[in-house]
Amino acid sequence: MFEVMIILALTLMAGMAMPLGALIGCKEHIHPDWLENEFRHSVVAFGGGALLSAVALVLVPEGSSYLDMTTVALCFCGGGLTFMALDVLLYKLNTPASQLAAMLSDFIPESLALGAALALGGTGSALLLAALMVLQNMPEGFNAYRELGATSRYTSSRIITMFALMALLGPVAGLSGYVWLADSPTLVAGIMLFAGGGILYSVFQDIAPQAVLEKHWAPPMGAVLGFVLGILGHMLTTHA
């Protein structure tokens with residue numbers, strides 16, 4: 001029961017970072033305009049750095065430890081191809097929700113992996129993954145809010161409420177991983193690698209291009225900061 005409560009707390013905390021990011025996007029007004037633009041691009045880059053740290057420090061190392069090289073490559077590439085297909089579909093549907101889809105596409109598999117990691121006794125990995133999910137979901141919520149807010153179909157309160165409801169998918173996925181995937185470490189590893197491939201595709205397709213701001217050099221440091229926080233979290237959980 002204690003582990004169930006931990007899963008609920010960690011996944012809900014990670015999920016609520018999405019509406020928190022949206023709330024920051026709603027209230028964000030910084031002057032002068034150049035500083036506001038630099039802040040936005042830095043937030044985007046920070047999210048990209050956090051996502052890369054999740055792939056490099058948790059998803060790939062944990063996933064590859066249970067699978068052979070061929071399966072690792074297939075799962076990782078399969079994640080990238082699936083995210084690419086989703087991107088193409090969203091483009092053809094002409095929907096303004098590509099950032100939202102990308103946010104959910106990595107949040108749910110990561111929550112599954114978090115629940116399964118706790119069931120397998122990987123407390124350190126679960127805590128690190130939860131911390132990285134918070135770091136990545138906040139800027140992703142910020143970006144998704146700005147994407148949806150650019151249309152007249154969604155009000156600020158509606159977007160934030162929608163993100164808060166979507167945060168509940170985290171505990172559902174986390175408990176599902178804990179209950180049904182605990183006896184299948186190879187399946188959990190495959191999910192981790194699949195999510196890692198999809199996240200890497202999203203970083204270079206959606207996030208990295210948005211982080212670039214002509215004649216400004218501070219935003220890329222956001223990526224460095226996002227990644228270094230992942231490194232510090234990894235050191236804290238592995239050497240504790």
Side-chain angles (χ1 to χ4, degrees), residues 1-21 47 49-67 72 75-76 79 82-83 102-141 163-200 202-203 226-227 229-238 240:
M1 180 59 71
F2 178 72
E3 286 185 334
V4 169
M5 297 302 295
I6 292 294
I7 291 169
L8 290 174
L10 290 179
T11 52
L12 187 60
M13 176 184 68
M16 290 307 293
M18 295 187 291
L20 178 58
L51 284 167
L52 281 176
S53 67
V55 174
L57 301 174
V58 180
L59 298 175
V60 170
E62 293 289 331
S64 59
S65 63
Y66 288 96
L67 302 172
V72 166
C75 290
F76 196 81
T82 301
F83 275 53
M103 180 170 64
L104 286 178
S105 296
D106 56 59
F107 175 53
I108 293 174
E110 286 176 341
S111 297
L112 276 169
L114 188 152
L118 272 174
L120 294 170
T123 306
S125 296
L127 290 173
L128 175 58
L129 187 55
L132 292 174
M133 287 165 66
V134 171
L135 289 177
Q136 71 195 42
N137 282 344
M138 193 179 300
E140 282 189 318
F163 283 13
L165 291 174
M166 288 190 302
L168 300 178
L169 294 173
V172 172
L175 288 177
S176 298
Y178 180 79
V179 173
W180 290 309
L181 300 180
D183 297 325
S184 306
T186 55
L187 181 57
V188 175
I191 291 172
M192 285 183 166
L193 289 164
F194 181 89
I199 289 170
L200 192 61
S202 294
V203 167
F227 197 92
L229 283 178
I231 294 173
L232 295 176
H234 178 68
M235 294 178 69
L236 286 172
T237 54
T238 55

Does N137 use its side chain to pair, donor to acceptor, with the backbone of A17 at less than 3.5 Å? no
What pair of heavy atoms forms the shortest contact from [X] to [Y], and how long is it?
X: L129; Y: E110; value: CD2-O, 3.5 Å
X: F83; Y: I199; value: CE2-N, 4.2 Å
X: T11; Y: L8; value: OG1-O, 3.4 Å
X: L59; Y: L193; value: O-CD2, 4.2 Å
X: A116; Y: V188; value: CB-CG2, 3.3 Å
X: A173; Y: I108; value: CB-O, 3.8 Å

State the [atom1]-[atom2] distance between [X] and [Y], to the nearest 0.5 angstrom.
X: W180; Y: L112; atom1: CH2; atom2: CG; result: 10.0 Å
X: L165; Y: M18; atom1: CG; atom2: CE; result: 10.0 Å
X: L118; Y: I7; atom1: CG; atom2: CD1; result: 5.0 Å
X: I231; Y: L128; atom1: CD1; atom2: CG; result: 11.0 Å
X: C75; Y: M192; atom1: SG; atom2: CE; result: 12.5 Å

Are [X] and [Y] side-chain neighbours, meaning at least one heavy-atom pair lies under 4.5 Å?
X: L52; Y: L200; answer: yes
X: F107; Y: E140; answer: no
X: L114; Y: M133; answer: yes
X: V203; Y: V55; answer: no

Applying side chain to side chain contact (heavy atoms under 4.5 Å, CB included), can you list everything that pairs with P19, at least two apart in sequence or on another chain? M16, I160, F163, A164
Taking side chain to side chain contact (heavy atoms under 4.5 Å, CB included) as the definition, give me every residue that meets it alongside T82, ordered by chain and number, with sequence neighbours left out. F194
Which residue pairs pass the side-chain hydrogen bond (donor to acceptor under 3.5 Å, both in side chains) test when at least one of the two sits in residues 50-63, sequence neighbours left out? E62-S125
